[in-house]
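To find a chain, count down the sequence lines: A is the first, B the second, and so on, and within it residues start at 1. Quantities reported herein were computed from a predicted structural model and do not represent experimental measurements.
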2 protein chains.
Amino acid sequence: MVEVLRPIGAIARALDSIANYEFKDLALAKGQYLYLVRIVEQPGITQTELINLLKVDRSTAARALRKLETQGFITRVLDSANEKNKRLFSTNKGKELYTTIRRENDYSNQTALTNFSSQEAQLLATLLARVEDNISADWSYVKKGNKREY
Amino acid sequence: MVEVLRPIGAIARALDSIANYEFKDLALAKGQYLYLVRIVEQPGITQTELINLLKVDRSTAARALRKLETQGFITRVLDSANEKNKRLFSTNKGKELYTTIRRENDYSNQTALTNFSSQEAQLLATLLARVEDNISADWSYVKKGNKREY
DNA sequence: CCCTTTTTGTTGTAAATGCAACATAAAAAT
DNA sequence: ATTTTTATGTTGCATTTACAACAAAAAGGG
């Protein structure tokens, strides 16, 4: 079977490092933009839901989110219906950054898709969604401390 | 234009964290497997060439490679034709890990491509190669300290 | 040939990262 | 109803990560 993981890793690293660099003016540290955009888009999302969306480590996310809260970009409120969950909301200050972040992300996305017809871009998106779906279970499984057998 | 960067990021993070977890038995720290496989496959590759292949930060790579050398997995030799370059070679000890790393990477790749026909997999690989090509210049540009205008 | 710029690699420093171990709430089992 | 297990989130600690600033070699310009 042909190899697809290497380019995926290289593309992700390249664009993440560009994004982090370009967001330093916004007082956003490494990784923070990832969380913030999603919280603006999905107000009230729980920490765990966000973690599963982004596929990041629990403890890393906890600290990044606490920092976003300290900086006044988001609030974290205990879910009264389930005291285990923290629901995340962006502040006005957080929402202000959203446009800037999206503009950068969209530009990178456009650059990535240079010379792609919209059909090709759509096809790529569909294939990637299938890949993401295929690996999700393994990620959860390993993150729970289990060992894959192969 | 449809969004492709988010799934790429999520897939990369998920599989990278799985790999790092599964390589702890091999005494390989976070990220090290990336460098080692490439050095085994391309003996004599320079540090900069490797950095451009993987799209990692220079200083991070320097430290990861020094550690691989200290652990006895690779050697770094000054290129006599160009004293600025360090050429990288794997030791026997390093080569021994290669099979194990590849077995894991191949398994993850297979998992990622579950329910893909070989035509679909091939298509995905082609599209990803184009994306990687599209973003490479921006990555180099920004890493050199330049600012993208958009 | 000399001077300037670029390239390659390292190190200081501050911060993010992630595994373990923990605490607490909720869910499941008996 | 009580006990056990699972889910959610935090913290300690050791490590990786990456921007700056640097050093030295090579390349380019005059």
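In the model, Gln71(B) has a side-chain atom that pairs as donor or acceptor with a side-chain atom of Gln32(B) under 3.5 Å. No donor-acceptor contact under 3.5 angstrom links the side chains of Arg58(B) and Thr48(B), judged on distance only. No side-chain donor from either of Lys30(A) and Ser17(A) sits under 3.5 Å from a side-chain acceptor of the other.
Taking 4.0 Å as the cut-off between side-chain N and carboxylate O, Arg13(B) and Asp16(A) do not count as a salt-bridged pair. By the 4.0 Å N-to-carboxylate-O rule, Lys147(B) lies too far from Glu22(A) to be salt-bridged with it. Using a 4.0 Å cut-off between a side-chain N of Lys or Arg and a carboxylate O of Asp or Glu, Asp79(B) and Lys84(B) do not qualify as a salt bridge. Using a 4.0 Å cut-off between a side-chain N of Lys or Arg and a carboxylate O of Asp or Glu, Arg102(A) and Glu41(A) qualify as a salt bridge.
Phe89(B) does not carry Arg76(B) over the face of its six-membered ring by the limits of under 6.0 Å from the centre and within 45° of the normal.
Between Tyr107(B) and Tyr150(A), the ring planes are parallel. Angles under 30° get that label, and only those over 60° would be called perpendicular.
Here the shortest heavy-atom pairing between Ile39(A) and Ile74(A) reads CD1-CG2, 4.0 Å. Among all heavy-atom pairs drawn from Met1(B) and Ala121(A), the shortest one is SD-CB, 3.9 Å.
Using a 4.5 Å heavy-atom threshold, the side chains of Asn85(A) and Leu78(A) count as separate. Looking at heavy atoms from C-beta onward, Tyr98(A) lies out of side-chain contact with Leu36(A) at the 4.5 angstrom threshold. A 4.5 Å side-chain heavy-atom check between Phe73(A) and Leu28(A) finds at least one atom pair inside the cut-off. Counting heavy atoms from C-beta on, the side chains of Thr91(B) and Thr75(B) come closer than 4.5 Å.
Between the axis at the start and the axis at the end of the helix from dC1(C)-dG30(D) to dT30(C)-dA1(D) there is an angle of 40°, using five pairs per end and rounding to 10 degrees.
Distance CG/Leu127(A) to CD/Glu120(B): 6.5 Å, rounded to 0.5 Å. Here the NZ atom belonging to Lys55(B) is positioned 5.5 Å from the CD1 atom belonging to Ile135(B), to the nearest 0.5 angstrom.
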Atom pairs under 3.5 Å, N or O on each side, protein against nucleotides 22-29 of chain D: can you list them with distances?
residue, atom, partner, partner atom, Å
dA26(D), OP1, Glu83(B), N, 2.7

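Annotation: proximity of residues 66-76 of chain A to DNA chain C (heavy atom, distance under 4.0 Å) is found for Lys67(A), numbered in ascending order. Residues from residues 142-150 of chain B with heavy atoms under 4.0 angstrom of DNA chain C, sorted by number: Lys144(B). Residues from residues 21-55 of chain A lying near DNA chain C, meaning a heavy-atom separation below 4.0 Å, are Ala29(A), Lys30(A) in numerical order.
For Thr60(B), a side-chain nitrogen or oxygen approaches OP1 or OP2 of dA18(D) to under 4.0 Å.
Taking atom CZ on Arg63(A) and atom P on dT17(D), their separation rounds to 16 Å, with Å as the unit.
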**Q.** side chain to side chain donor-acceptor pair (under 3.5 Å) evaluation trace for Ser108(B) with Arg148(A)
**A.** CA-CA 10 Å; Ser108(B) 285; Arg148(A) 298 196 300 181; 2.8 Å; yes

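In this structure, Ser17(A) and Asn85(A) both approach DNA chain D, and ranking their closest nucleotides by distance from the 5' end singles out Asn85(A).
Taking 4.0 Å as the cutoff to heavy atoms of chain B, we find the contact window on DNA chain C bounded by dT7(C) to dC19(C).
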